[in-house]
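Read through the structure below, which is laid out as structure tokens, and then see the notes.
Here is the naming used below: chain letters follow the sequence lines, and residue numbers restart at 1 for every chain. Computed from a predicted structure; not experimentally measured.
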There are 2 protein chains.
Amino acid sequence: MKRKITLKQIAKELDVSVSTVSKALSGSKEISEDTTQKIQAFAKLYNYRPNNIALSLKNRKTKTIGILIPEIVHHFFSTVIRGIERIANRRGYNVIVGLSNESFTKEIINMEMLANGSIDGFILSISKETLLKQDYHHFNATINQGIPIVMFDRVVNEVECDKVIVDDFNGAVKAVKMLLDKGCKHIALITTVDYVSVGRLRTQGYLEALQLNKIEADPQLILKIEDSLNVDNHLEDLESEIEHFFKLNPAIDGVFAVNELYAVTAMKVARKLGRSIPDDVQVIGFTDGVLSKHATPSLSTVSQHGQKIGEQAANLLIDRLEAIETESTQYLGSADSKSDFIKVVIETEIIERESTK
Amino acid sequence: MKRKITLKQIAKELDVSVSTVSKALSGSKEISEDTTQKIQAFAKLYNYRPNNIALSLKNRKTKTIGILIPEIVHHFFSTVIRGIERIANRRGYNVIVGLSNESFTKEIINMEMLANGSIDGFILSISKETLLKQDYHHFNATINQGIPIVMFDRVVNEVECDKVIVDDFNGAVKAVKMLLDKGCKHIALITTVDYVSVGRLRTQGYLEALQLNKIEADPQLILKIEDSLNVDNHLEDLESEIEHFFKLNPAIDGVFAVNELYAVTAMKVARKLGRSIPDDVQVIGFTDGVLSKHATPSLSTVSQHGQKIGEQAANLLIDRLEAIETESTQYLGSADSKSDFIKVVIETEIIERESTK
DNA sequence: ATATTTAGCGAAAACGTTTTCGTGTTGAAA
DNA sequence: TTTCAACACGAAAACGTTTTCGCTAAATAT
């Protein structure tokens, strides 16, 4: 077991100084061709690679991005990670991921753990508990320490930073409008409770679409699911809740659900109640994941383009990191270029499948 | 924007030396109570936290685990990550993830990028291309540098390291046996090509189960899908291939598929051909993901317990890292404790749902 | 022959820690 | 009064880099 070789060892072995080795390896013309050759050959032989940690310490930057998300076993979030990783890799960065599990405390602990030098910047999506508490001091504290943040999907006005969001509102409008165009008269909305911003926006989009078509929204047709932070184990509850909802509103001929799971569950329940899809009931859901694609019938969805979100977020963050870098070498007294944060809106796309006519 | 405060700054501000500050903060009784109080108060006020990078350089360990997987938008792999992160976090480690995208080259690049000091050890699952090439030198090189590796799921005998695997063989035996017990006479196998070890093992399990029941395997009933590394865009191909297969073998009354996707697609096709599930055809798949749970009818599966795999892998790696640590402080001449690598086998579990009787 | 440039290299600082080994001051013991 | 231990603290090394500055010797210019 041979540990990685260091500059010092090369220097000793070749009887030159550390500085000479460093310069020779970087191809400095300060060093004679002879010595350069000798050193480079030796380094190649022993497969020398500079130690990243030492470089990070010296350069005061780690070339690492911290990703902080509520959950990873989740199609949307993992797609975003894939996008981030793609860009990060291409631009010479690594990604380190932390999971908040929707918990405020874990979010803080993770941030503090990473903010002590481990990363250059964050890309994150806020946990539900944090949204509920509306306590965002840890984000602002981090930004104040000079660590930039890019938020995606679940963002918040109280924090000034770059943001990448989905056009939830218009996505919902488009979805509901499509159902209307395809002849639905009584469109139900299955959504979450309101504190998650994206859910709220989608609900507003639903209402807007109805209003645009001069249809009065019927509160009876809106089902708000109280998410117990743990959908997996309460699948039956979800089903029976939706079943109850359907029985209460037999007129329903269209369903707009704010996520895949609600949508496929709605299809399942509808069929169980003898309704045919899409003939009797048409269904469309937000989020284009595996479920939608492989359900029978396959589900029409509003695609969020998670990978694109991740890519945009990564580019935004790295751009800012590199801007900071050059800015600090400029001698002009950096007129505080704050408040020019960028908000990128990724357009949604309707994907029509078998659950709509 | 106030940058993070350092020991040096505290020292200057309080007019003591850096060493005094360091000792005071660690509660060394070498420092008087007065100064300790003063320093600790000041540190708390300015929210001092030691710089991780500096610590990593000093201690020559990063408290970070490198995860290297082929794909992240994948239920099984993301579940494993969740397990790893859980244990890592609990034991004071961070995780940094790299994606190989099933590519040999990307796997190597990622490894080299992380192996230069960024991480203390790897947890990884081998990419398909690497398995195909059977070139494992980068793994062995990494291990030789003193960086331990734990492999999971897709492992290989050519590399000596700790491993965590699923009991694919017995899982398959159990699944097929169950189909037989439930009355199936003509059980089809839908599998991948052979070079991915887990696929091969599951195929062997299928054959074994038949043999145990004195049934001769019919090669006609085995469908090997050539995966084009990109299933998503070839969904129709998959469907038509399976449809063709069903038409060729009308006697099929049971299907064992080596993954979720093949299983649900088989169900879809069977129903399209007028077969009822589970009455005419019973189906069971490997991997218990979202698809299985939410398909209609819901799919019986062989669960792999991805999270448990991740947790075991993380514990194995951290145990080894900490063993190395104490070992190197021992003065006894470390009898090379090699070849005592651990292979943990996680038992599979059959989850019965609606696709079997 | 003397002054000045230049090539080639080394010493040292810096990044932020921890830890070992002094060192000076105080108080008590001799 | 002298000696010695205890106390409280600082200097310096180390982790592995890069970079600035300085130095020596040879080469050129005067």
> When you check every protein heavy atom under 4.0 Å of nucleotides 8-18 of chain D, what one-letter string (B, S, -) results, 5' to 3'?
Replying inline: BBBBB-BBBBB

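Distance CD (A:Gln37) to P (C:dG8): 14 Å, rounded to an integer number of Å.
Taking 4.5 Å as the limit, every side-chain heavy atom of B:Phe341 sits out of range of all side-chain heavy atoms of B:Lys163. A:Phe139 has its side chain within reach of A:Thr130: a pair of non-hydrogen atoms, C-beta onward, lies under 4.5 Å apart. Side chains of A:Ile69 and A:Val97 form no contact here, defined as non-hydrogen atoms less than 4.5 Å apart.
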Please tabulate, one pair per line, each protein N/O and nucleotide N/O from nucleotides 23-26 of chain D that are separated by under 3.5 Å, including the distance.
none

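Ring pair A:Phe77/A:His74 is tilted by interplanar angle, where 30° to 60° counts as tilted.
Atom CG of A:Asn52 is separated from atom CD1 of B:Ile53 by 9.0 Å, given to the nearest 0.5 angstrom. With rounding to the nearest 0.5 angstrom, the CG atom of B:Leu99 is 8.0 Å from the CG atom of A:Asn89.
Here A:Lys106 does not pair with A:Glu129 in a salt bridge; the nearest charged N to carboxylate O distance is not below 4.0 Å.
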> Could you walk me through whether A:Arg154 and A:Glu102 pass the salt bridge (charged side-chain N to carboxylate O under 4.0 Å, His left out) check?
Replying inline: CA-CA 12 Å; A:Arg154 300 193 197 157; A:Glu102 305 287 11; 2.9 Å; yes

